[in-house]
Chemist: 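Sharing a structure below in structure tokens format, with a few things to ask.
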Amino acid sequence: MSNDSTNEESAEAETAEASDFLRDQIRADLAAGTYGGRVKTRFPPEPNGYLHIGHAMSICLNFGLAQEFGGECNLRFDDTNPEAESEEFVRAIVEDVEWLGFESSDTIYYASDYFDQMYSWAEDLINKGLAYVDDLDSETMSEMRGGFTTPGQNSPFRERSIEENLDLFRRMKAGEFADGERVLRAKIDMNHENMQMRDPVMYRIRNTPHHRTGDTWAIYPNYDWAHGQEDAIEGVTHSICTLEFDNNRELYDWYQNNIDLPFEKPNQYEFARLNLTHIVTSKRKLAQLVADGVVNGWDDAAMPTIRGVRRRGYPASAIRAFCSHIGVAKTNSVREIELLESFVRDELNATALRRSGVLRPLKVVIDNYPEGQVEMLTAANHPNDESLGVRDVPFTREIYIEREDFEEDPPPKYYRLTVGREVRLRYGYFITATDVVKDAEGNVVEVRATYDPETSGGQAPDGRKVKSTIHWVSASEAVDATVVLYDRLFTDEHPGSGDTDPLDSLNADAKEVLEGAKLEPSMAKIAAGEVVQFERLGYFAHDLDQPMLFHRTVGLRDEWARLQKRKK
RNA sequence: UGGCCGGUAGUUCAAUUGGUGGAACGCCAGAUUUUGAUUCUGGAGGUCGUGGGUUCGAUCCCCGCCCGGCCAACCA
């Protein structure tokens with residue numbers, strides 16, 4: 001069972017009856033025939049970094065909506081700022097979107113493919129007297145923009161003639177000027193109550209090669225001037241972005257209303273981005289984790305990036321189910337990371353094969369079992385799904401059990417092994433602990449036990465019951481593995497809230513590396529990326545690159561641990 | 001400080017489009033169980049931000065206030 005598997009059917013079923021402000025809007029548009037029955041969305045990342053779990057929400061939303069209403073969703077790179085962007089990020093983003101289970105028609109779109117069209121529209125605006133070249137430096141421009149309660153002032157260059165503007169703009173394009181020397185601005189209203197409307201910059205000069213257009217351009221469009229036009233060119237109907245672009249909507253509309261659109265005008269809608277407790281999604285902070293060596297890179301299993309959670313073993317289908325469950329709203333919110341984990345558990349519980357693995361081994365010698373004998377026991381691959389079959393696990397005189405499954409001095413309600421007590425070995429025999437062997441410091445290093453040959457298969461002929469079933473692995477047949485346990489990356493539920501630095505609450509124990517784990521022999525053949533359940537412990541993902549390295553995706557619900565915790 | 005968006009169980013979202021509110025996760029208890037898992041059943045938990053107004057009646061309409069978020073890059 002690969003964690004690369006996707007599940008389109010359930011993705012559709014989950015959203016079938018969903019209703020929210022976006023779906024209501026789309027239904028209304030469909031009913032009114034606004035776009036001739038077309039629904040087209042887009043997911044428009046800037047290729048300047050890796051996608052994180054927060055982006056998954058936007059991806060699921062845009063692609064999901066299109067799928068749900070029989071429309072299309074374009075994967076479009078908003079590559080309008082050559083300084084931060086690269087082909088490496090383009091490749092990574094395409095890969096992540098596909099891994100999440102979404103395929104953009106067959107084309108990938110780029111804002112840079114529309115640079116000529118945008119340029120020509122900009123000249124149109126100049127010709128209409130709606131744009132001008134400004135020579136102000138950025139600080140002065142900022143000062144003259146005014147504030148929330150103070151009006152802005154017109155630039156001294158605002159009233160240049162159309163001819164002069166055209167000439168200057170063409171020379172900007174031709175690369176005659178240095179970076180920052182001039183900009184093209186929309187001529188709107190320097191006293192507008194919406195700051196975005198105070199003569200926003202449309203083009204800036206950047207003598208920087210672009211990862212796709214090379215050095216053919218010396219000017220690059222700003223977000224606002226680019227985005228709506230990209231939407232319009234592609235025939236997008238519903239342009240969905242996050243809440244902070246709310247103020248930009250008015251500008252989005254203004255630009256589109258002042259040029260000749262190839263399609264009906266798209267509309268922008270804003271939703272609340274996905275925030276999760278105990279993580280950060282700020283690119284800067286994430287980059288710092290990488291730079292500081294806290295993690296091994298953007299694809300470290302502890303990272304909240306798409307690549308990170310993939311390595312960690314989160315199934316794409318679980319992420320999709322999570323996104324559709326939480327829905328869309330305009331309320332700023334932070335979801336509990338536990339909710340995401342419950343979706344991961346849910347999916348994995350249904351699909352992951354069960355295996356035996358001992359994380360912290362304690363040797364048990366079964367004195368009355370023949371030395372050198374290897375007996376093959378049959379174990380089910382899944383307790384509730386017979387179609388997943390069975391496999392053989394070897395049983396021998398010496399086995400390993402989990403260190404915490406034996407207590408010399410058991411606390412109340414402890415059901416597991418202790419001297420004099422009988423427990424069941426999962427898929428195997430009943431054993432009774434008879435004695436312990438200790439090292440010089442008095443630590444238990446070995447348990448002596450006897451088994452009841454009559455309990456083969458885990459049932460006693462006399463019907464006697466045991467309080468618990470524990471997992472185990474043959475000492476001689478086991479394979480060695482390294483297992484990494486993960487805790488919250490940040491101890492603070494809302495890292496960086498208030499004026500704190502999120503890195504202040506970085507959890508020093510977020511990763512625990514267990515070197516000497518012992519796994520049942522079948523684990524030697526496991527595929528890269530596969531996720532299994534080590535029974536009674538949790539779900540573990542085989543590393544994508546390094547053999548016999550496992551990441552704990554998420555633990556099982558643990559009543560006993562909860563009980564212990566409550567006592568403190 | 002001005003504009004915009006939001007404020008419903010612990011958390012995140014629904015609903016009633018004026019007739020005292022549901023789900024999921026979490027929590028608690030029980031049943032089943034060869035994973036203290038899964039599954040199933042039940043339970044606790046809400047002055048619907050706040051003060052006023054309209055109304056027979058307001059969580060929903062109106063006004064004020066409070067709280068949170070976003071906006072004054074030649075980033076997106």
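This is a predicted model, so every value here is computed, not measured.
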Chemist: Can you find an N or O donor on one side and an acceptor on the other, under 3.5 Å apart, linking the side chain of A:Asn247 with the base of B:rG3?
Modeler: yes

Chemist: Of the nucleotides B:rC71, B:rC5, B:rU35, which has the atom closest to the A:Gln196 side chain?
Modeler: B:rC71

Chemist: Using the closest heavy atom to pick a nucleotide of RNA chain B for each, name whichever of A:Thr455 or A:Pro44 lands nearer the 5' end.
Modeler: A:Thr455

Chemist: Does the ring centre of A:Tyr451 sit less than 6.0 Å away from the ring centre of A:Tyr429?
Modeler: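 When the ring centroids of A:Tyr429 and A:Tyr451 are compared, they turn out to be within the sub-6.0 Å range.
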
Chemist: Which nucleotide in the set B:rA72, B:rG68, B:rA76 lies at the smallest distance from any side-chain heavy atom of A:Glu46?
Modeler: B:rA76

Chemist: Expressed in angstrom and rounded to an integer, what is the separation of A:Glu336 atom CD from B:rU11 atom C1'?
Modeler: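 One finds 4 Å between C1' of B:rU11 and CD of A:Glu336, rounded.
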
Chemist: Examine the side chains of A:Ser112 and A:Arg212 and answer whether a donor and an acceptor come within less than 3.5 Å of each other.
Modeler: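 Yes, because at least one side-chain N or O of A:Ser112 sits under 3.5 Å from a partner of the opposite role on A:Arg212.
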
Chemist: Within the structure shown, what part of the strands sits under 4.0 Å from A:Gly180 by heavy-atom distance: base, sugar-phosphate, or nothing?
Modeler: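 Result for A:Gly180 = base.
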
Chemist: When the C1' atoms of B:rU33 and B:rU41 are considered, how many whole Å apart are they?
Modeler: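 Looking at atom C1' only, B:rU33 and B:rU41 are 15 Å apart.
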
Chemist: Less than 4.0 Å between a side-chain N and a carboxylate O, is that true for A:Lys330 and A:Asp246?
Modeler: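 Looking at A:Lys330 together with A:Asp246, the answer is no, because their closest N to O distance does not fall below 4.0 Å.
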
Chemist: Could you give the distance separating B:rU32 and B:rU38 at their C1' atoms, to the nearest angstrom?
Modeler: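 That atom pair is separated by 11 Å.
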
Chemist: Between P on B:rC5 and CD on A:Gln268, what's the gap in Å once rounded to a whole number?
Modeler: 14 Å

Chemist: Within this structure, what is the CG-to-P distance between A:Leu348 and B:rU38, rounded to whole angstrom?
Modeler: 13 Å

Chemist: Checking all strands, does A:Glu83 fall into the base, sugar-phosphate, or nothing category for heavy-atom contacts under 4.0 angstrom?
Modeler: nothing

Chemist: Within the structure shown, what part of the strands sits under 4.0 Å from A:Val334 by heavy-atom distance: base, sugar-phosphate, or nothing?
Modeler: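 Sugar-phosphate only.
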
Chemist: For atom P, what is the distance between B:rU17 and B:rG3, given to the nearest Å?
Modeler: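 Rounded to whole Å, the distance is 32 Å.
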
Chemist: Tell me if the centroids of the rings in A:Tyr255 and A:Trp225 come within less than 6.0 Å of each other.
Modeler: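 Centroid distance A:Tyr255-A:Trp225: below 6.0 Å, so yes.
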
Chemist: Reckon A:Lys413 touches a base, only the sugar-phosphate, or nothing at all at heavy-atom distances under 4.0 Å?
Modeler: base

Chemist: For B:rC71 and A:Arg198 - does any side-chain N or O of the residue sit under 4.0 Å from the phosphate oxygens OP1/OP2?
Modeler: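 For B:rC71, neither OP1 nor OP2 has a side-chain N or O of A:Arg198 closer than 4.0 Å.
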
Chemist: Looking at B:rA72, B:rA37, B:rC5, which one has an atom nearest to any side-chain atom of A:Asp246?
Modeler: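 The listed nucleotide nearest to A:Asp246's side chain is B:rC5.
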
Chemist: Looking at B:rG6, B:rA37, B:rC4, which one has an atom nearest to any side-chain atom of A:Thr331?
Modeler: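 The answer is B:rG6, which lies nearest to the side chain.
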
Chemist: So what does A:Val423 touch, heavy atoms closer than 4.0 Å: a base, only the sugar-phosphate, or nothing?
Modeler: nothing

Chemist: Go through B:rA37, B:rG36, B:rC75 for me and flag the one nearest to the A:Asn81 side chain.
Modeler: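 Closest nucleotide among those given: B:rC75.
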
Chemist: Which part of the nucleic acid does A:Leu136 contact within heavy-atom distance under 4.0 Å: base, sugar-phosphate only, or nothing?
Modeler: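 The answer is base, as A:Leu136 lies within the cut-off (heavy atoms under 4.0 Å) of a base atom.
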
Chemist: Applying the Watson-Crick and G-U wobble criteria at under 3.5 Å, what pairs with B:rG45? Answer none if nothing qualifies.
Modeler: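 Check on B:rG45: unpaired, no WC or wobble geometry under 3.5 Å.
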
Chemist: Are A:Tyr414 and A:Trp560 an aromatic pair by the rule of ring centers under 6.0 Å?
Modeler: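 Between A:Trp560 and A:Tyr414, which both carry aromatic rings, the centre distance is below 6.0 Å.
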
Chemist: Quick one: is A:Thr80 getting a side-chain N or O under 4.0 Å of the B:rA76 phosphate, OP1 or OP2?
Modeler: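 Answer is yes, contact under 4.0 Å.
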
Chemist: Within the structure shown, what part of the strands sits under 4.0 Å from A:Arg185 by heavy-atom distance: base, sugar-phosphate, or nothing?
Modeler: nothing

Chemist: Starting at atom CG of A:Asp199, determine the distance to atom C1' of B:rA72, rounded to an integer number of angstrom.
Modeler: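 My rounded result for the distance is 14 Å.
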
Chemist: Base of B:rU11, side chain of A:Glu338 - is there a donor-acceptor contact under 3.5 Å?
Modeler: no

Chemist: Let me know, please, whether A:Arg145 or A:Arg424 comes out on the 5' side of the other along RNA chain B by nearest nucleotide.
Modeler: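 Upstream on the strand: A:Arg424.
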
Chemist: Please state the C1' separation for the pair B:rA9 and B:rC4 - nearest whole angstrom.
Modeler: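 Those two atoms are separated by 29 Å.
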
Chemist: Kindly say whether the aromatic ring centers of A:Tyr252 and A:Phe245 come within a distance under 6.0 Å.
Modeler: no

Chemist: Should A:Arg204 be listed as having a side-chain N or O under 4.0 Å from OP1 or OP2 of B:rA76?
Modeler: yes

Chemist: Hey, what's the ring geometry for A:His55 with A:Phe43, parallel, tilted or perpendicular (30° and 60° as the breaks)?
Modeler: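 Taking A:Phe43 first and then A:His55, their aromatic rings stand perpendicular (interplane angle over 60°).
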
Chemist: I'd like the C1' distance from B:rA23 over to B:rU8, given in whole Å.
Modeler: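 To the nearest whole Å, 13 Å.
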
Chemist: Pairing check on B:rU33: which nucleotide meets the Watson-Crick or G-U wobble criteria with it, both distances under 3.5 Å?
Modeler: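 Checking every strand shown, B:rU33 finds no partner, since no pair has both distances under 3.5 Å.
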
Chemist: How far does the P atom of B:rG49 sit from the matching atom of B:rG7, given to the nearest Å?
Modeler: 8 Å

Chemist: With syn defined as a glycosidic torsion within 90 degrees of 0 and anti otherwise, which applies to B:rA72?
Modeler: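 Glycosidic conformation of B:rA72: anti.
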
Chemist: Counting any heavy atom closer than 4.0 Å, what does A:Asn222 reach on the DNA or RNA strands: base, sugar-phosphate only, or nothing?
Modeler: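 It contacts sugar-phosphate atoms only.
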
Chemist: Answer with base, sugar-phosphate or nothing: what part of the nucleic acid does A:Tyr414 contact at a heavy-atom distance below 4.0 Å?
Modeler: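 If one applies the 4.0 Å heavy-atom cut-off, A:Tyr414 turns out to touch a base.
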
Chemist: Do the ring planes of A:Tyr203 and A:Phe169 sit parallel (below 30°), tilted (30 to 60°) or perpendicular (above 60°)?
Modeler: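 Rings of A:Tyr203 and A:Phe169: tilted, as their planes differ by 30° to 60°.
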
Chemist: If you check the A:Arg536 side chain, which of B:rA76, B:rG6, B:rG36 turns out closest?
Modeler: B:rG36

Chemist: Taking CZ from A:Arg562 and C1' from B:rU35, how many angstroms apart are they, rounded to a whole number?
Modeler: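 Rounded to the whole Å, the gap is 15 Å.
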
Chemist: Between B:rG64 and B:rA24, how far is it from one C1' atom to the other, in whole Å?
Modeler: 36 Å

Chemist: Name the closest nucleotide to the A:Ser142 side chain, picking from B:rA37, B:rU11, B:rA73.
Modeler: B:rA73

Chemist: May I ask you to say what A:Arg206 touches in the nucleic acid, namely base, sugar-phosphate or nothing, with a heavy-atom cut-off under 4.0 Å?
Modeler: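 Base, at least one base atom sits under 4.0 Å.
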
Chemist: Is A:Arg335 near enough to B:rC13 that one of its side-chain N or O atoms lies under 4.0 angstrom from OP1 or OP2?
Modeler: yes

Chemist: Nearest to the side chain of A:Thr149 - B:rU35, B:rC27, B:rG2?
Modeler: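 Ranking B:rU35, B:rC27, B:rG2 by closest atom to the A:Thr149 side chain puts B:rG2 first.
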
Chemist: Are A:Tyr223 and B:rA76 stacked, counting the six-membered base ring, centres under 5.5 Å, planes under 30°?
Modeler: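 A stacking contact does not exist, since A:Tyr223 is not both close and nearly parallel to the base ring of B:rA76.
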
Chemist: For A:Phe245, report the nucleic acid contact type (base, sugar-phosphate, nothing); a contact means any heavy atom under 4.0 Å.
Modeler: base

Chemist: For A:Arg426, answer base if it contacts any base atom (sugar-phosphate contacts may also be present), sugar-phosphate if it contacts only those atoms, and nothing otherwise; contact means non-hydrogen atoms under 4.0 Å.
Modeler: base

Chemist: Going by centres under 5.5 angstrom and planes under 30 degrees, do the aromatic ring of A:Tyr415 and the base ring of B:rG36 stack?
Modeler: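 Aromatic stack with B:rG36 present for A:Tyr415.
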
Chemist: On a whole-Å scale, what distance lies between the C1' atoms belonging to B:rU59 and B:rA14?
Modeler: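 Taking atom C1' in both B:rU59 and B:rA14, they lie 13 Å apart.
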
Chemist: Any strand is fair game: report the nucleotide pairing with B:rG68 by Watson-Crick or G-U wobble, both distances under 3.5 Å, or none.
Modeler: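 Matched B:rG68 with B:rC5 under the 3.5 Å cut-off.
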
Chemist: Would you indicate what A:Val183 reaches in the nucleic acid, counting non-hydrogen atoms under 4.0 angstrom: base, sugar-phosphate, or nothing?
Modeler: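 Base contact.
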
Chemist: At under 4.0 Å between heavy atoms, what does A:Arg354 touch on the DNA or RNA strands: base, sugar-phosphate, or nothing?
Modeler: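 Base contact.
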
Chemist: Kindly give the heavy-atom pair with the smallest separation between A:Leu286 and A:Val280, and that separation in Å.
Modeler: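 Minimum heavy-atom separation between A:Leu286 and A:Val280: CD1-O, 3.4 Å.
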
Chemist: To the side chain of A:Asp558, which of B:rG36, B:rU11, B:rU35 is closest?
Modeler: B:rG36

Chemist: Ignoring hydrogens and geometry beyond distance, is a side-chain donor-acceptor pair present between A:Glu535 and A:Tyr427 at under 3.5 Å?
Modeler: yes

Chemist: Give a yes/no on whether any side-chain N or O of A:Arg273 is located under 4.0 angstrom from OP1 or OP2 of B:rG6.
Modeler: no

Chemist: Among B:rU38, B:rG3, B:rU12, which nucleotide sits nearest the side chain of A:Ser333?
Modeler: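 Among the listed nucleotides, the one closest to the side chain of A:Ser333 is B:rU12.
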
Chemist: Does any nucleotide pair with B:rG21 by Watson-Crick or G-U wobble geometry, both distances under 3.5 Å, and what is it?
Modeler: none

